[in-house]
S.K.: 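Here you go, one structure.
Please read these numbers as outputs of a predicted model, since none were measured by experiment. Positions are given from 1, in the same order as the sequence printed here.
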Amino acid sequence: MADLYQPNRDWENLARKVVQPQQIVLVIGATDVGKSTFCRFLIEQGVTSGLRVGFVDADVGQSQIGPPTTIGLKVFSPNDSTDNLTEIEGEPDALYFVGWTSPERHLLQCVAGTRLMVDAALKTGADLIVVDTTGYIEGDTAVVLKQHKIELVKPTHLICLHRSRELEAIVAPFEGNDTIQTHRLLPHRSVSSKSDDFRRKYRESSFTRYFSDCVQEMLPFDQIRGQSTPFFNGRQANPKEQEMLSDFVDDHVFYAEWGHRSLVLVTLDALPSLIQARLKNHLSLKNLVTATPQYFEGCLVGLLDASGTTISIGVIDAVDFNTKQLQSRCKVGTAAKTKTIQFGRYRM
C-alpha cells in the first residue's frame, strides 16, 4: 500500500525537530493526506539515526501493522535495513482488537487501544514512538475522539497534516499546552487519493494475508469468558433447564446461560417479542438476551491470554452446542492459551 515519495524540505526540517530520543509523535489528518507515508518517513529517519522506533498503527480501517479492525505495534531497531521499510506492512509485535473498521461506535476501544500500544512500545525500550491515526476528523464525535486520544497518548509532538483549517477544532485546545509542540504540514504534492473500492480490496487482501497461516481450533465454552458479548460469563443451563425453556418458548433452545436475574439463550429461530416478554415476566428477569446460531458464525473475534494480551484474532466458523465448543480459525496454538474472547461487529 505504500506510496512512492521523495521527501521534501518541509519533511526534512520537521524530522530534525521530532526524530529525537524520548519523543512520542502523533500524526493526525483527513483521509488521503499522506499520514501513513509521512509516518514511514519518520520511522526511516529514526532507524537511520540509530533509534529504536515503535510504530503504533491506529488506523483500524487501513491497517498496515496487523489486520484491519485492530491497533498494531511494530518495533524497528537500528539494525533494520531501511530498504525493508519501503513497505511497513507486517506481523505486529503487539495487538489490540477493536472489532470494526471505523472508530464510530468504538471510541473507547480506539482511545484505550492506542494508549495500550504506546505503553507496549515503551516497555520494549523504544526511543521514538510514531502513532498513525484514521482520517476520521469531521463532526463533533470525531473531534471528541481525537482530543481524548491526544489527552491520553500525551504526545510530545502533534503533527497536523492539513489542506486548510479542517483540524483547528481538534487542535485549538492544545495550542497553549507546554508539553505538546504542534506542527502543521501541508500534504506532499505527490500524495494520491484512494477510492473506496481500493480501500475495500486492501482490507480484503490484509485479512487474506493474516489468515493464510491460520488453522481451525476448538474453544471450549468453559475455558473462556466473553467480552463485548452477553455470552460466556454466567452459569450454563443444565439439560433439564434447557428442556423447560424449549417448552416455554415453543422452540429448540440450543444453549442457555443464567446471570443475576438475567438469561441469555440461543434458539433455532428468532423469538417473537411477545414470547420474550412472557418469558421475562415468568422468570422475573431484569434482562433477557436471545440469539440464533447465526450470531456466532462468521464473527471476527479477539483472543486474549490469561494476562489480557491479544494473542490473535480469529473467525468463528461454527458452534457445536452438543460439546459446547466454538470452532475458530486462528493462529496455531492460540486456542489452548485463550482465556477471554472479544466479539467484534465485523463479519467475515
S.K.: So which heavy atom on Cys39 is nearest to which on Val27, and how close?
M.R.: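 That would be SG-CG2, 3.8 Å.
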S.K.: For Arg52, enumerate each residue passing the side-chain hydrogen bond (donor to acceptor under 3.5 Å, both in side chains) test, keeping only those at least two apart in sequence or located in another chain.
M.R.: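 With neighbours one apart ignored, the set is empty.
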S.K.: Before accepting this row, confirm whether a basic side-chain N of the pair Lys337/Glu217 lies closer than 4.0 Å to the acidic partner's carboxylate O.
M.R.: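 No, this pair does not count.
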S.K.: Return yes if a side-chain donor-acceptor contact under 3.5 Å exists between Gln294 and Thr292, otherwise no.
M.R.: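 Yes, because at least one side-chain N or O of Gln294 sits under 3.5 Å from a partner of the opposite role on Thr292.
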S.K.: Is the backbone of Glu257 close enough, under 3.5 Å, to the side chain of Gln236 for a donor and an acceptor to pair up by distance?
M.R.: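 A pair under 3.5 Å: no.
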S.K.: Is it true that Phe231 and Phe221 have ring centroids separated by less than 6.0 Å?
M.R.: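 Centroid separation for Phe231 and Phe221: 6.0 Å or greater.
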S.K.: Between Lys123 and Asp119 (salt bridge meaning N to carboxylate O under 4.0 Å), is one present in this structure?
M.R.: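 A salt bridge is absent here (no side-chain N lies under 4.0 Å from a carboxylate O).
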S.K.: Hydrophobic clusters here meaning ILVMFWY residues chained together by side-chain heavy-atom distances under 4.5 Å, can you tell me if Val171 and Ile137 are in one?
M.R.: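 Yes, same cluster.
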S.K.: Taking it one step at a time, do Gln227 and Thr340 satisfy side-chain hydrogen bond (donor to acceptor under 3.5 Å, both in side chains)?
M.R.: CA-CA 7 Å; Gln227 191 173 341; Thr340 301; 5.5 Å; no
S.K.: So, using side-chain hydrogen bond (donor to acceptor under 3.5 Å, both in side chains) as the criterion, who are the partners of Ser195 when residues are at least two apart?
M.R.: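 Once residues adjacent in sequence are excluded, Ser195 has no partner under the side-chain hydrogen bond (donor to acceptor under 3.5 Å, both in side chains) criterion.
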S.K.: Work out which heavy atom in Ile71 is nearest to a heavy atom in Met117; give both atom names and the distance.
M.R.: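 Looking at all heavy atoms of both residues, the closest pair is CG2-CG, 3.7 Å.
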S.K.: Aromatic rings Tyr346 and Phe207: how do their planes relate, parallel, tilted or perpendicular, breaks at 30° and 60°?
M.R.: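 Geometry flag for Phe207 against Tyr346: tilted rings.
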S.K.: Would you say the side-chain atoms of Asp32 pair up with the backbone N or O of Lys194, donor to acceptor, closer than 3.5 Å?
M.R.: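 Confirmed, Asp32 side chain pairs with Lys194 backbone.
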S.K.: Could you list the residues that satisfy salt bridge (Lys or Arg N to Asp or Glu O under 4.0 Å) with Arg200, not counting sequence neighbours?
M.R.: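 Only Asp197, Glu204 meet the salt bridge (Lys or Arg N to Asp or Glu O under 4.0 Å) criterion with Arg200.
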S.K.: If Ile, Leu, Val, Met, Phe, Trp and Tyr residues are connected whenever their side-chain heavy atoms lie under 4.5 Å apart, and connections chain through other members, are Ile129 and Ile180 in the same group?
M.R.: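 Yes; Ile180 is reachable from Ile129 via cluster members.
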S.K.: Kindly assign one of parallel, tilted or perpendicular to the pair Tyr202 and Phe198, based on the angle between their ring planes and the thresholds 30° and 60°.
M.R.: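 Because their plane-to-plane angle is under 30°, the rings of Tyr202 and Phe198 count as parallel.
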S.K.: Test of understanding: with side-chain hydrogen bond (donor to acceptor under 3.5 Å, both in side chains), list the residues that count as partners of Asn233, not counting sequence neighbours.
M.R.: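 Partners of Asn233 by the side-chain hydrogen bond (donor to acceptor under 3.5 Å, both in side chains) criterion come out as none, since no residue qualifies.
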S.K.: Membership question, hydrophobic clusters at under 4.5 Å side-chain separation (ILVMFWY): are Tyr136 and Val143 in the same one?
M.R.: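 As far as the 4.5 Å side-chain criterion goes, Tyr136 and Val143 are not connected within one cluster.
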S.K.: Take Val253 and Val266 through the test side chain to side chain contact (heavy atoms under 4.5 Å, CB included) and record every step on the way to the result.
M.R.: CA-CA 6 Å; Val253 174; Val266 182; over 6 Å; no
S.K.: Describe, in one word, how the ring planes of Phe41 and Trp11 are oriented to each other, choosing from parallel (under 30°), tilted (30 to 60°) and perpendicular (over 60°).
M.R.: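 If you compare the ring of Phe41 with that of Trp11, the planes turn out tilted.
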S.K.: Give the cluster check for Val18 versus Leu26: same hydrophobic cluster or not, with ILVMFWY residues linked at side-chain heavy-atom distances below 4.5 Å.
M.R.: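 No, because Val18 and Leu26 fall into different hydrophobic clusters, even though each may have its own neighbours under 4.5 Å.
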S.K.: Leu245 vs Val249, test: side chain to side chain contact (heavy atoms under 4.5 Å, CB included). Steps then yes/no.
M.R.: CA-CA 6 Å; Leu245 290 167; Val249 302; 5.6 Å; no
S.K.: Quick one: are the ring centres of Tyr295 and Phe343 less than 6.0 Å apart?
M.R.: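 Centroid separation for Tyr295 and Phe343: below 6.0 Å.
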S.K.: Counting only heavy atoms not in Arg278, do more than 12 fall under 6.0 Å of its CZ?
M.R.: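 Counting other residues, nucleotides and ligands, CZ of Arg278 stays at 12 neighbours or fewer.
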S.K.: What heavy-atom pair brings Ile65 and Thr70 nearest, and what distance separates the two atoms?
M.R.: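 Reported closest heavy-atom pair: O-OG1, 4.3 Å.
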S.K.: Could you check Asp57, Val131, Leu152 and say which one makes a side chain to side chain contact (heavy atoms under 4.5 Å, CB included) with Thr114?
M.R.: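 Filter result, single survivor: Val131.
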S.K.: For Glu168 and Arg184: C-alpha separation, side-chain torsions, deciding distance, then whether salt bridge (charged side-chain N to carboxylate O under 4.0 Å, His left out) applies.
M.R.: CA-CA 10 Å; Glu168 293 309 302; Arg184 289 172 173 79; 3.1 Å; yes
S.K.: Hey, mind stepping through Val19 and Leu128 against side chain to side chain contact (heavy atoms under 4.5 Å, CB included) and telling me if it holds?
M.R.: CA-CA 7 Å; Val19 178; Leu128 170 69; 4.1 Å; yes
S.K.: Treating Ile, Leu, Val, Met, Phe, Trp and Tyr as nodes and any side-chain heavy-atom pair under 4.5 angstrom as an edge, say whether Tyr255 and Val289 lie in one connected cluster.
M.R.: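 Tyr255 and Val289: one cluster.
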S.K.: Scan for side chain to side chain donor-acceptor pair (under 3.5 Å) pairs involving residues 315-331, sequence neighbours excluded, and state none if there are none.
M.R.: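 Qualifying pairs, neighbours excluded: Asp213-Lys331, Gln216-Asp317, Gln216-Gln327, Asp317-Arg329, Asp320-Thr323, Thr323-Gln325.
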S.K.: Do the side chain of His106 and the main chain of Glu104 share a donor and acceptor less than 3.5 angstrom apart?
M.R.: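 Present.
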S.K.: Under the rule for side-chain hydrogen bond (donor to acceptor under 3.5 Å, both in side chains), what residues qualify as partners of Arg16, not counting sequence neighbours?
M.R.: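 Expected list: Asn13.
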S.K.: Check the pair Arg235, Glu241 against salt bridge (charged side-chain N to carboxylate O under 4.0 Å, His left out), reporting the backbone distance first and the verdict last.
M.R.: CA-CA 12 Å; Arg235 178 182 69 81; Glu241 290 171 324; 3.0 Å; yes
S.K.: Take Arg203 and Thr101 through the test side chain to side chain contact (heavy atoms under 4.5 Å, CB included) and record every step on the way to the result.
M.R.: CA-CA 9 Å; Arg203 283 195 295 271; Thr101 56; 3.7 Å; yes
S.K.: Classify the side-chain pair Ser36/Asp132 by whether it contains a donor and acceptor separated by less than 3.5 Å.
M.R.: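 Judged by distance alone, the side chains do pair up.
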